[in-house]
Structure formats: structure tokens, C-alpha cells
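Report on the following structure.
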Amino acid sequence: MFDRLVGMETEYAVRFHPADSASGVPSRHQLYLSLVQALRLRLPVARARHFKEGVFTAAGGAVWFETERPALGAGLVEGATPECRGARRLVAYQRAQDRLLAEAAAASRLDGEFRLLKNDRDAEGNVYGAQENYEAQAAHGVCLWIWRVGLALLLPLVVLTRLAILLLVVGAIFYFLAAGVAYLLAAPLCGDRRRLSAALFGIGWAVGDELGGPTPIWLETVILWGARLVTAPLATSLVGLTRMVLFRSVRRRLLPFLVSRPVFAGAGNIDERGNWRIADKAPAINCVVGLGGFISDRPIFTFGHFFKAACIDGGHSLAQYLKLFSPRQRLQIGLGDSNMCQVAEYLRVGATLLVLDCIEAGAMPAPPRLRRPIRALRTICSDPKLEAAVTSWSGRRWTAIELQRFYLRACRSWLEKQPDAPAEALDVLRRWEETIDALESCPRSLVGSVDWITKQFLLEQCSGGEDERLSAEASADFSPALAAVAATGPQALAKKKIDLKYHELSSDGYFAQLQATGAVASVVTEEEIQRAMRSPPPDSPATMRGRYIREFAGEGSAVSANWDVVVIGSGRQRKRIPLAQFRRRTGDEKPPVD
Amino acid sequence: MSNVAESKSRELESGRESANVQPAVERPSVAEVVARISADSRVQPKQYLEESVAPLGGE
């Protein structure tokens with residue numbers, strides 16, 4: 001119980017305010033680079049050899065530059081915690097990551113104010129945020145064999161897809177060779193060389209940020225859609241196979257819990273029509289199972305990591321693909337908000353761990369099967385009074401609280417029969433029950449513990465009164481998305497600022513200001529966070545990964561790693577260290593001394 | 001929850017609370033912070049919203 005590996009990935013929005021109007025705004029890629037530079041002064045990091053740009057840290061986690069369109073200047077900073085055991089430890093590592101990245105952003109040598117926002121949706125409606133990863137039993141018996149046979153049958157398609165991707169890469173190389181020749185011939189005749197360079201190689205190259213994607217926008221669009229086209233058969237086949245057999249029982253039993261979980265884990269959001277919702281990301285979720293972002297799909301259960309293992313990460317070795325045959329895999333949950341409240345984060349992970357343990361122990365009775373899960377999710381999230389009911393296939397109507405109580409009862413009944421239940425499981429159960437009780441009887445008592453209630457409190461307290469500055473700003477030029485926000489009311493922009501600045505990771509952030517009053521409940525101690533900022537968690541593959549990164553970071557060696565393996569160096573010096581042996585709990589191993 | 005389970009859970013909680021004891025520091029009141037946030041939220045909100053736009057690019 002509470003023994004499985006669990007980790008979180010968090011995408012942070014970047015905000016930059018130039019020191020003066022004459023200063024330029026750096027690209028998001030430059031912001032990322034300056035953040036990593038500042039991070040290196042805080043703890044050892046090693047460059048990742050991966051399909052996306054990033055570094056691994058000696059604390060066992062990773063920091064990535066997350067972008068799908070670098071030529072358009074798009075990009076976020078993503079932090080991945082090390083894989084931990086238990087909710088409390090994960091919260092400590094998540095908080096350590098938040099703090100390390102926020103400190104690095106503030107310390108970066110840029111001419112302006114660089115801040116990170118730990119939220120899930122910006123004012124333009126772009127959606128990003130958090131994902132949770134739980135090690136879980138992927139399938140049993142017949143389903144497991146169907147999965148394995150399916151993977152074996154897909155192998156020729158995997159090879160063909162990789163060849164097609166290789167062709168795209170070769171095509172891009174040919175383009176750049178031709179563009180280089182064209183530039184050399186045309187440059188002496190061209191008055192504006194920078195414009196020519198931007199047209200041929202992209203604006204990143206032209207402004208000196210060549211690592212930001214030296215690709216013209218049109219070429220990037222062609223490559224992106226070309227990649228989607230050539231990978232579509234494999235992607236479709238994998239989604240079909242996973243939907244049919246993978247985590248089937250777990251998904252069915254977990255779904256109503258996740259759909260109703262925003263009542264305590266939601267971060268709250270003012271939508272583009274000015275409506276208040278209890279969750280930030282949930283209203284954007286549009287399917288139950290999917291790859292996550294392949295073609296605008298935003299699933300509750302994300303299987304994108306299987307797709308990457310098949311045709312991108314698998315480039316490291318066939319072993320990555322063979323890992324997919326294992327009965328225990330990573331269950332990725334895309335439905336969930338980034339939390340500022342420690343209690344909400346602890347319960348989000350802790351209650352999910354408890355429900356998963358109960359399901360895998362065979363102790364979870366069949367939960368109500370929701371008739372339309374995505375519609376049910378939206379219904380629940382659009383009702384802050386928590387009175388809305390959703391329909392199950394039996395015809396019964398359930399409120400979110402009733403659904404949560406179903407799971408609470410099942411977990412409590414199971415835990416009472418476990419004489420050796422860990423104290424943390426009991427603590428999660430108690431806090432979960434108290435939170436559900438408080439949501440029914442006195443939601444205001446959860447200010448500082450549940451994000452949407454805390455943010456709602458601030459919005460209520462800060463509203464009222466006219467402001468001339470706001471009226472003046474309301475007449476300014478807006479993007480269509482901001483114009484829609486502004487049109488929802490006289491104080492819409494100020495409210496939206498509260499909605500977003502609540503999540504800013506700095507002493508100016510509104511949640512941080514509220515925290516400074518002492519009105520915010522904490523779960524982990526300052527010592528736990530400080531330790532997590534320096535050392536990897538014990539009893540996890542991250543323990544060994546962190547040790548290797550600490551050892552090799554200073555040597556400038558390329559290090560690639562994931563949940564299963566660390567690869568150091570290249571060519572004949574290449575060393576591959578499998579981490580599978582550290583997946584099994586070995587007792588409370590001491591973390592490395594720093 | 002059983003009595004044993006409840007007492008175990010409470011024990012963990014009381015341990016944490018004692019571990020979380022902080023030295024006395026002067027903290028702002030919630031009312032002060034709310035007033036500060038209320039005033040700050042009205043300062044150039046449009047600029048703040050624009051500066052924090054975070055496209056991933058795949059939309």
C-alpha cells in the first residue's frame with residue numbers, strides 16, 4: 001500500500017516584464033536558457049539527450065523546454081519531479097521543484113522581471129498544466145496477452161514509422177543545404193540580409209537564438225503536419241489497442257472518482273464568458289482516452305508516452321519498446337490542476353493512490369458508470385454550489401460529493417481490514433473525509449486548503465467599486481480572446497488578473513501573499529522541502545539517477561534518462577545503467593549525502 | 001474508521017503540527033493582504049494578462 005512509484009509533470013507559464021519600454025522581450029527559449037543557467041548555480045544538472053531540450057537534476061527530477069512550435073516563439077518550462085513513493089514525499093518534491101525554478105527565474109540575468117506561473121490556462125485560452133503518473137498494473141490474463149501480441153504485430157509499423165520520420169529529417173537537412181547555398185548566392189545582392197536569413201532559416205536564427213529552432217514557420221508547419229501524417233497509422237493503432245485492453249479495469253473503476261475529484265483538487269477558473277468554474281483545466285478535457293495533443297485531443301487518461309516510446313524515445317534502443325510488454329506500466333492522468341494549496345495537492349495524489357490500491361487489491365466495488373463522462377465532468381466543474389447531479393447508466397443521479405463518498409466508503413472499509421496500513425494512508429483518508437464533510441457543511445473553512453475555494457474567497461473579497469484606470473484600460477486594443485474577457489463585466493480584467501496572479505511563484509503572487517498571513521495549511525515541513533531541493537528521494541530509480549547526474553554533471557557528459565534507464569556518454573564510451581532493479585522497494589535507503 | 005486507525009492518524013497529525021511550529025514572526029493580516037491584492041489587481045491588468053500568455057504552439 002502506498003508503495004507504487006508516482007511522479008508529476010508540471011508545465012509553468014512564463015511571464016516577462018521588461019525593465020523599461022526600450023528593453024526587448026527575450027524569446028521564451030532564451031528565458032528557458034537563462035533559467036537553466038541560474039539553476040546550474042543551485043544544484044548539479046546534466047544535459048539530456050532526448051527528443052526535446054532539457055536537463056536532469058541531481059535531485060532526481062528534470063526540467064524541459066516544452067514547445068510544439070519553436071518557430072512561432074511558443075514554449076513553456078516543464079518540471080518533472082523524481083518518481084517517489086507516497087503522496088507526502090511527492091508533495092515535498094513538487095514544492096522543491098516549484099521553489100528551485102522560481103528562484104532560478106528570479107535570479108536569471110535578464111533585463112526585466114521573469115516569473116513563472118503554476119497554472120493551467122492563460123487569458124487567451126491556451127491550456128497546459130499538470131499530469132500525474134502512477135505505476136500500475138496495465139492488464140491481466142487475456143488482456144495482457146492481447147496487448148503483447150498487438151505490440152508484436154505493430155512492430156513492422158513502428159519500423160516503417162521511424163523510417164518515415166527519418167525521411168522527414170533527411171528532407172529538412174536537404175532543405176537547409178539548399179537554403180545555405182541560396183543564402184550565399186543571394187546575400188551579396190540583398191540589401192536586408194537579416195530579412196533574407198529570417199525567410200530562409202527562421203526568425204530565431206536571424207536574431208541570434210539559433211537554438212530556438214532555426215526553422216522558417218512554413219517549414220515547421222510542413223514538418224509538423226508531415227510528422228502527424230506519417231505517424232497517424234501507428235498512433236491510431238496504439239490508441240485502439242490501449243483503449244481496448246490497457247488499464248481497462250483500472251480506468252473503469254477510477255473514472256467517476258477522477259470526474260468528481262475537482263471538488264477538492266480543482267484550482268478554479270474564470271472562463272472566457274466570465275463564468276466561475278471550480279477547475280482550471282477540466283473544462284478543456286474532450287475525451288476519456290487519447291494520446292494527448294496529437295490532434296487537439298485532451299484526454300483524462302493520456303497514452304502519449306506509449307506512442308513516444310514506440311516511435312521517438314525508442315530511438316535510444318529497442319529496449320524502450322520492449323519495456324511496453326511489461327505488465328506494470330505508467331498510468332498517466334491528464335485531468336488535474338496544478339495546485340498552490342499543499343493540502344489539495346496532497347489529497348489529489350493521496351486519494352488517487354488510495355483508490356488505485358483499493359482497486360488493485362480487488363476491494364473496490366463496481367462504481368456507478370457515468371453515462372457521458374466528459375459532459376458529467378463539465379457539469380460538475382461549472383457548479384460551485386456542488387449541487388449538480390450527473391447520470392449513471394442505471395439511471396440514478398449522483399452529485400460529485402455522493403460520488404466521492406462512494407469511494408471514501410470503499411477505501412475506509414478496505415483500510416479497516418488492513419492491520420498494517422501505513423499512517424500516511426490513514427492520514428489521507430481522514431483529511432479526505434474531513435474535506436468532503438467541509439465542502440458540504442462549511443466550504444469557507446477550506447480557504448487555504450482547497451484552491452478553488454481560496455481563489456473564490458479572494459475574488460469575492462477583492463470585487464466591488466469602480467476604478468477609472470480599469471475603465472481607461474477597457475477601451476484599449478485587445479486581442480479577440482482578451483476582448484471577450486473584458487466584455488464580460490466592468491472588473492473582468494482585474495478579476496482575471498486575480499485568477500492568474502494567484503498562481504505566480506513569487507512573493508508578489510496572490511497565493512504567496514495569502515500564505516504569508518499564516519492562513520494557509522501546510523502538509524510538509526520546510527526541512528522536507530529543503531532536503532528535496534538537494535537530494536533525490538530514497539527507494540526509487542531516481543535515487544541512482546540523481547547520484548549519476550551529480551557525478552557526471554560537472555564533466556559535461558550527455559546524460560539521457562527516463563524511468564527505466566540512465567545513459568551516459570556517447571560512442572564507445574557510452575554506458576547504459578538500467579534502473580529496473582531500483583523499482584522494487586528495498587527499505588528506507590538513505591539518500592546520497594550532498 | 002476504527003479507533004486504532006483514528007488514533008494512529010491523529011498521532012501523525014499531532015507529530016506534524018509540533019514539527020511545524022514556527023518561531024513567532026510578524027505576519028500581515030488577511031485583511032491587509034486582501035486590500036493589497038485588491039489594489040494590485042486593478043493596476044494594468046491587461047498588461048499582466050498579455051505578459052502571461054503561454055502558447056505551446058500545437059493548438
Side-chain angles (χ1 to χ4, degrees), chain A residues 11 13-17 66-70 72-76 117 122-124 126-128 224 293 296 412 415-416 421 423-424 426-427 429-430 433 458 461-462 467 469-470 473 476 478-479 482 485-486 491 493-498 500-501 508 510 513-514 516-519 522-523 525, chain B:
Chain A
E11 289 167 343
V14 296
R15 185 181 78 80
F16 187 80
H17 181 71
E66 185 76 38
T67 182
E68 291 179 24
R69 297 300 304 266
L72 288 178
L76 307 168
L117 275 70
D122 66 16
E124 298 270 359
N126 296 302
V127 178
Y128 38 95
L224 183 72
S296 301
R412 186 172 52 211
L415 268 185
E416 281 174 351
E424 186 177 308
L426 300 168
D427 183 56
L429 186 77
R430 181 183 60 77
E433 193 158 27
L458 285 182
Q461 296 297 310
C462 297
D467 194 307
R469 285 170 299 180
L470 283 179
E473 246 199 358
F478 289 109
S479 67
L482 280 188
V485 172
Q491 295 183 352
L493 293 178
K495 285 181 181 172
K496 193 64 191 170
K497 184 174 173 182
I498 293 173
L500 295 187
K501 199 166 178 180
D508 294 333
Y510 294 162
Q513 290 193 41
L514 196 62
T517 66
S522 63
V523 174
T525 63
Chain B
M1 199 188 300
S2 70
N3 289 340
V4 176
E6 195 157 20
S7 84
K8 204 170 174 183
S9 181
R10 294 271 177 213
E11 189 183 297
L12 186 97
E13 175 63 18
S14 71
R16 178 177 313 108
E17 277 166 4
S18 59
N20 271 347
V21 171
Q22 300 285 326
V25 287
E26 198 163 322
R27 296 177 180 277
S29 70
V30 173
E32 283 168 353
V33 164
V34 165
R36 207 186 302 155
I37 291 174
S38 181
D40 182 73
S41 68
R42 292 153 200 261
V43 179
Q44 298 184 313
K46 175 177 174 277
Q47 187 182 58
Y48 189 88
L49 302 185
E50 285 174 341
E51 284 172 354
S52 55
V53 166
L56 196 55
E59 293 81 10

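Note on naming: letters A, B, ... go to the chains in the order of the sequence lines (proteins, then strands), and numbering restarts at 1 for each one.
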If you measure from [atom1] on [X] to [atom2] on [Y], what distance do you get to the nearest 0.5 Å?
X	Y	atom1	atom2	result
A:Asp508	B:Arg36	CG	CZ	9.5 Å
B:Leu49	A:Lys501	CG	NZ	11.0 Å
A:Ile498	B:Ser38	CD1	OG	6.5 Å
B:Glu51	A:Leu117	CD	CG	10.5 Å

Is it the backbone or the side chain of B:Ser52 that comes under 4.5 Å from a heavy atom of chain A, or both, or neither?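 Answer is both: backbone and side chain atoms of B:Ser52 are under 4.5 Å from chain A.
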Using non-hydrogen atoms only, which part of [X] is less than 4.5 Å away from chain B: side chain, backbone, both, or neither?
X	result
A:Tyr510	both
A:Leu514	both
A:Ala13	both

Restricting to non-hydrogen atoms, name the atom on A:Cys462 and the atom on B:Ile37 that form the minimum distance, rounded to 0.1 Å. SG-CG2, 3.9 Å
Tell me the closest heavy-atom pair linking A:Ala516 and B:Pro28, and the distance in Å.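 Nearest pair, atom of A:Ala516 first, then B:Pro28: O-CD, 3.5 Å.
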Does some side-chain heavy atom of A:Lys497 sit less than 4.5 Å from a side-chain heavy atom of B:Arg42? no
Kindly indicate whether the side chain of B:Tyr48, heavy atoms from C-beta on, has any atom under 4.5 Å from the side chain of A:His17. no
Heaviest contributor of heavy-atom pairs below 4.5 Å to chain A, chosen from B:Val33, B:Val34, B:Asp40, B:Val30, is B:Asp40
